[in-house]
Amino acid sequence: MEEKYYPQEIEEKQQARWAAAASFKSTIDPTKKKFYCLEMLPYPSGRIHMGHVRNYSIGDALSCFKRMSGYNVIHPMGWDAFGMPAENAAIKIGARPDEWTFENIASMRGQLQRLGFGYDWDREIATCTPEYYRWNQWFFIQMWKKGLLYRKNAVVNWCVKCNTSLANEQAEGGFCWRHEDTPVEHRELEQWFIRVTSYADELLDSLADLEGRWPERVIAMQRNWIGRSRGAEIDFTVDGEPERRIRVFTTRVDTIYGASSIILAPEHQLIEEWIRQGAVSQEIVDFNTQQKALDIEERQAEGREKVGHFTGHYAINPFNGERLPVWTANFVLTGYGTGAIMAVPAHDERDFEFSVKYGLPVTRVIVSDGLSGDNDEAVSEPFTPKDDNCHLIASGEWTGMSVPAAQSAMISRAEERGFGKAKVNFRIRDWGVSRQRAWGSPLPFIHCVKCGIVPVPEESLPVVLPPDLNYRTQGAPLAEHPSFVNVPCPDCGAPARRDTDTMDTFVDSSWYYFRYCDPQNDSLPFDPQVASYWMPVDQYIGGIEHAVLHLIYTRVWAKIMRDLGLITFSEPVTRLLTQGMVCLASYRCEEHDWLFPDDVTNGNCRFCQRPVAVGRIEKMSKSKKNTVDPDEMIKIYGADTVRLFMLFAAPPEKDLEWSEAGAEGSSRFLNRVWRIVYKWHDQFEGAIEGECSPAARALRRKTHQTIRRVTNDIAERMNFNTAVAGMMELTNEVYAFDGTLKNGATPVDRFVIREALEALARLLCPFTPHLAEALWANLGHDQIVLTSDWPDFDEALAREEELEIPIQLNGKLVARIVAPAEISDNDLIGMALANEKVIARLEGKQIIKTIVVPKRLVNLVAK
RNA sequence: GCGAAAGUGGCGAAAUUGGUAGACGCACCAGACUUAGGAUCUGGCGCCUGACCGGCGUGGGGGUUCGAGUCCCCCCUUUCGCACCA
């Protein structure tokens with residue numbers, strides 16, 4: 001054994017041993033319980049960053065622990081390999097996207113291997129290979145046949161930087177998800193859509209099953225995103241044109257007697273029609289033109305003023321025959337509900353604001369129970385509770401009914417009379433999956449003038465992306481590739497055109513982890529039998545940023561696969577952990593923007609000498625110039641230290657601040673472990689279990705307690721940070737015991753030390769696998785420790801013999817006494833009462849009550 | 001504005017069921033070893049009080065309890081998500 005710890009040497013050597021032994025290869029074994037541990041696959045940008053290191057350190061620690069605990073673990077890795085950066089490289093430097101991508105994959109795979117993560121590389125996939133995207137195409141054809149995929153002309157979100165359309169999830173808040181400073185535009189395009197809305201109810205309802213297993217935050221975000229609201233659609237006829245109806249959506253049909261106007265979105269088709277017919281004033285025409293010209297950002301600007309105009313038309317309230325003015329206004333959204341609302345100013349904040357501004361009447365129709373309520377007094381603010389402690393007033397025959405009762409009764413009436421019906425609306429939309437990019441999965445469809453849209457026959461899949469595309473063109477590279485575009489129609493043989501869009505890359509990541517189960521299959525995306533062994537994923541680990549992107553799409557995809565008969569379950573991910581970000585302080589100069597730490601001297605900008613705002617601690621990012629390169633840290637400290645720090649510095653779901661001093665602390669600990677193992681590794685001859693000295697017994701106890709604690713911290717809570725703290729304590733105890741052996745160690749002492757060090761080596765496996773492996777070998781073992789058993793502990797040896805028991809007087813600590821662990825309550829009280837401090841403090845007082853919590857404390861209540 | 005989470009030493013954090021607040025680590029201080037140490041080992045380290053004794057202490061205020069970081073109510077702050085969704 002080397003006297004000093006040389007991490008780089010050890011790491012290379014142990015990685016070679018694992019590779020030679022195929023330590024992380026997984027195969028189906030029906031006799032063993034499986035555990036599928038999955039981390040979100042990276043985009044092959046070229047370099048891994050600290051966020052990846054953290055993500056994968058967590059996953060690897062758990063995988064290793066589960067493997068050692070007897071599970072048949074599958075722990076795969078792959079590449080989300082389609083996407084914009086490769087295409088940009090093609091445009092900027094003339095690279096071939098496939099070559100560029102595979103080079104990046106090779107270098108990142110090397111980085112992951114140097115970190116020693118235990119992946120089964122035989123299962124590796126890259127989503128840009130025809131062997132993979134072929135199955136995207138296959139899925140699309142199955143969905144098309146089932147009506148789950150369709151094509152329509154639609155107004156879509158368009159990012160000018162990506163130069164493509166985006167799904168709603170990718171344009172949240174009006175900005176592109178990849179370019180947070182770029183507002184999306186509206187464009188009208190013919191697009192492919194996946195019918196996500198037909199799963200909306202199920203997506204929402206089964207979130208309840210994920211509670212306790214998925215982070216509350218993610219569940220809340222998905223609930224909000226799906227956004228189900230139950231209400232009714234009610235038809236108002238246009239006054240004077242009884243055949244023409246305006247359908248509104250409302251969740252508060254009970255307030256309909258308080259409606260004082262009907263408001264249409266500027267894009268509403270009736271407005272368009274009236275404009276065509278010249279049935280509205282020039283004012284309305286101008287307003288309409290102006291509103292439609294605004295982009296999403298402008299329309300959503302904070303505090304935007306509500307603006308509207310009276311159209312000159314009226315509509316009839318079907319419940320009471322009242323004649324209501326029809327307006328058009330900017331705050332009514334075209335994409336939600338019917339694009340038309342009934343405004344009830346007394347019971348809706350937006351309607352109130354609008355109606356007050358334009359002098360529309362405000363009529364109360366709901367009041368709290370116990371109040372009579374009338375409309376003699378002006379309404380000063382809207383009253384919006386929806387609970388059943390309110391009832392209706394001034395509402396004809398419905399007056400006096402509770403809100404929920406009125407809602408169902410009024411919907412029934414509308415249904416009877418044919419002017420309305422119950423209706424559930426969702427915020428979530430169908431998933432727009434067309435992308436006007438070339439580096440993506442081609443769509444397996446052919447457009448024929450005679451036959452329409454014809455799917456490519458399954459036996460001719462995959463539709464391969466041509467390797468010789470010209471990316472440096474104004475137009476679409478795929479459309480400019482004649483032999484790709486011009487194909488005969490599979491049905492009639494006439495000349496036809498291939499679809500030249502590609503799929504959203506979120507399609508690739510929606511099902512990639514199913515492919516890991518059966519990565520070579522060339523007749524199906526995966527064998528259902530094989531998937532039924534490994535799936536669902538037991539633990540998924542990744543960033544929160546995918547809460548309503550990937551994590552919704554992948555739930556949808558599983559339900560689609562279930563309906564295609566490929567799987568029998570509906571939720572693909574049993575447990576989800578969203579790890580915190582890796583952060584570092586950032587620096588910003590008002591003139592030179594973000595600065596590297598090296599460009600800040602004495603708090604001033606190196607370029608302009610202006611004082612630098614010592615920025616907030618922010619997520620590491622290139623644009624903020626606060627990144628730390630994992631490779632450099634590995635060179636300095638070794639992979640084990642970097643991994644240990646990632647797990648020790650904070651609990652996994654919390655943000656973590658990278659700290660060089662903290663990394664040094666982790667390194668110091670590993671060196672400390674190494675040194676004590678070095679000191680003892682050849683001292684175990686004649687070691688024998690036997691009667692221990694008190695100090696030796698204490699160390700044994702600590703060893704067994706530590707095994708118990710580390711096991712529990714990982715298995716029950718995934719609190720790797722406290723597990724590490726436990727191992728540090730054990731190490732400290734070994735040093736303390738070592739310090740007591742000035743006069744030499746007995747054979748029993750040697751046994752106890754070996755037991756502690758072997759336990760430590762095995763407990764370290766999930767955290768610092770290379771070091772653990774090297775220690776294990778140096779302790780005289782031939783087999784690979786990472787694939788050996790997790791240590792057991794002996795409850796009897798872990799049990800404390802004596803306990804320090806705090807004595808409280810009226811809940812305040814007055815003394816601590818040391819008592820045998822198994823002492824009776826009465827004896828413990830006796831010891832407490834005999835304590836000097838207790839006697840002094842009790843003087844002149846009477847004990848009223850005594851509380852004993854066995855093994856924890858004694859509380860004397862006295863007056 | 002709505003929703004969610006969080007607030008504990010100089011710092012990162014522990015405290016698993018209401019039961020010794022601050023484990024473990026960083027930084028700092030002292031001692032030992034040493035030619036030297038930014039190595040290593042040992043000790044100290046919430047605040048006030050010179051030490052003891054004692055008092056205070058988990059964002060602030062109230063409450064429940066023998067006992068509250070933990071449970072309940074009100075308030076403040078921060079972070080995150082949503083943001084005209086009728």
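Chain naming here is simple, since letters A, B, ... match the order of the sequence lines and numbering starts at 1 in each. Everything numeric in this text was worked out from a predicted model, so none of it was measured.
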For residues 710-719 of chain A, tabulate all N or O donor-acceptor pairs below 3.5 Å that involve a side-chain atom, not counting sequence neighbours.
{"unit_1": "Thr711(A)", "atom_1": "OG1", "unit_2": "Ile707(A)", "atom_2": "O", "d": "2.5"}
{"unit_1": "Thr711(A)", "atom_1": "OG1", "unit_2": "Trp790(A)", "atom_2": "NE1", "d": "2.9"}
{"unit_1": "Asp713(A)", "atom_1": "OD1", "unit_2": "Arg717(A)", "atom_2": "NH2", "d": "3.2"}
{"unit_1": "Asp713(A)", "atom_1": "OD2", "unit_2": "Thr722(A)", "atom_2": "OG1", "d": "2.8"}
{"unit_1": "Asp713(A)", "atom_1": "OD2", "unit_2": "Ala723(A)", "atom_2": "N", "d": "3.3"}

For residues 340-348 of chain A, please give each side-chain donor-acceptor pair under 3.5 Å, one per line with the distance, not counting sequence neighbours.
{"unit_1": "His347(A)", "atom_1": "ND1", "unit_2": "Phe383(A)", "atom_2": "O", "d": "2.8"}
{"unit_1": "His347(A)", "atom_1": "NE2", "unit_2": "Val365(A)", "atom_2": "N", "d": "3.0"}
{"unit_1": "His347(A)", "atom_1": "NE2", "unit_2": "Ile366(A)", "atom_2": "N", "d": "3.2"}
{"unit_1": "Asp348(A)", "atom_1": "OD1", "unit_2": "Arg350(A)", "atom_2": "N", "d": "2.9"}
{"unit_1": "Asp348(A)", "atom_1": "OD1", "unit_2": "Arg350(A)", "atom_2": "NE", "d": "3.2"}
{"unit_1": "Asp348(A)", "atom_1": "OD1", "unit_2": "Asp351(A)", "atom_2": "N", "d": "3.0"}
{"unit_1": "Asp348(A)", "atom_1": "OD2", "unit_2": "Arg350(A)", "atom_2": "NH2", "d": "2.7"}

Enumerate donor-acceptor pairs with a distance under 3.5 Å from any side-chain N or O in residues 217-225 of chain A to protein atoms, sequence neighbours excluded.
{"unit_1": "Gln222(A)", "atom_1": "OE1", "unit_2": "Arg555(A)", "atom_2": "NH1", "d": "2.8"}
{"unit_1": "Gln222(A)", "atom_1": "NE2", "unit_2": "Ala547(A)", "atom_2": "O", "d": "2.9"}
{"unit_1": "Gln222(A)", "atom_1": "NE2", "unit_2": "Leu551(A)", "atom_2": "O", "d": "3.3"}
{"unit_1": "Arg223(A)", "atom_1": "NH2", "unit_2": "Glu211(A)", "atom_2": "OE2", "d": "2.9"}
{"unit_1": "Trp225(A)", "atom_1": "NE1", "unit_2": "Glu169(A)", "atom_2": "OE2", "d": "2.9"}

**Asked** Base, backbone or nothing for each nucleotide of nucleotides 29-42 of chain B, written B, S, -, heavy atoms under 4.0 angstrom, 5' to 3'?
**Response** -----------SSS
Could you list, one pair per line, each protein nitrogen or oxygen that sits under 3.5 Å from a nitrogen or oxygen of nucleotides 45-49 of chain B, together with the distance?
none

Identify each atom pair where a protein N or O and an N or O of nucleotides 54-59 of chain B are less than 3.5 Å apart, giving names and distance.
{"unit_1": "rC56(B)", "atom_1": "OP2", "unit_2": "Lys812(A)", "atom_2": "NZ", "d": "3.1"}

Using a cutoff of under 3.5 Å, can you pull out all pairs of nitrogen or oxygen atoms linking the protein to nucleotides 2-7 of chain B, with atom names and distances?
none

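In this structure, the nucleotide among rC82(B), rA86(B), rU20(B) sitting nearest to the side chain of Leu333(A) is rA86(B).
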**Message:** As a check on the pairing definition, encode RNA chain B in dot-bracket form, counting Watson-Crick and G-U wobble pairs whose two distances are under 3.5 Å, and using | for partners outside this strand.
**Reply:** (((((((..(((......[....))).(((((.......))))).(((.....)))..(((((..]....))))))))))))....
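Proximity of a side-chain donor or acceptor of Trp674(A) to a complementary backbone N or O of Glu2(A) within less than 3.5 Å is detected.
Taking every heavy atom of residues 720-728 of chain A and every atom of RNA chain B, pairs under 4.0 Å involve Asn721(A), Thr722(A), Ala725(A), Met728(A), by number.
With sequence neighbours excluded, the residues satisfying side chain to side chain contact (heavy atoms under 4.5 Å, CB included) with Asp825(A) are Val852(A), Pro854(A). In this view, Phe419(A) and Phe319(A) satisfy the ring pair (Phe, Tyr, Trp, His ring centres under 6.0 Å) rule, not counting sequence neighbours. Residues meeting the side chain to side chain contact (heavy atoms under 4.5 Å, CB included) test with Gln808(A), sequence neighbours left out: Leu857(A), Asn859(A).
Salt-bridge formation is detected for the pair Glu305(A)/Lys357(A): a Lys NZ or Arg NE/NH1/NH2 atom is positioned less than 4.0 Å from an Asp or Glu carboxylate oxygen.
Taking the ring axis of Phe354(A) as reference, the NZ or CZ atom of Lys306(A) does not stay both within 45° of it and closer than 6.0 Å to the ring centre.
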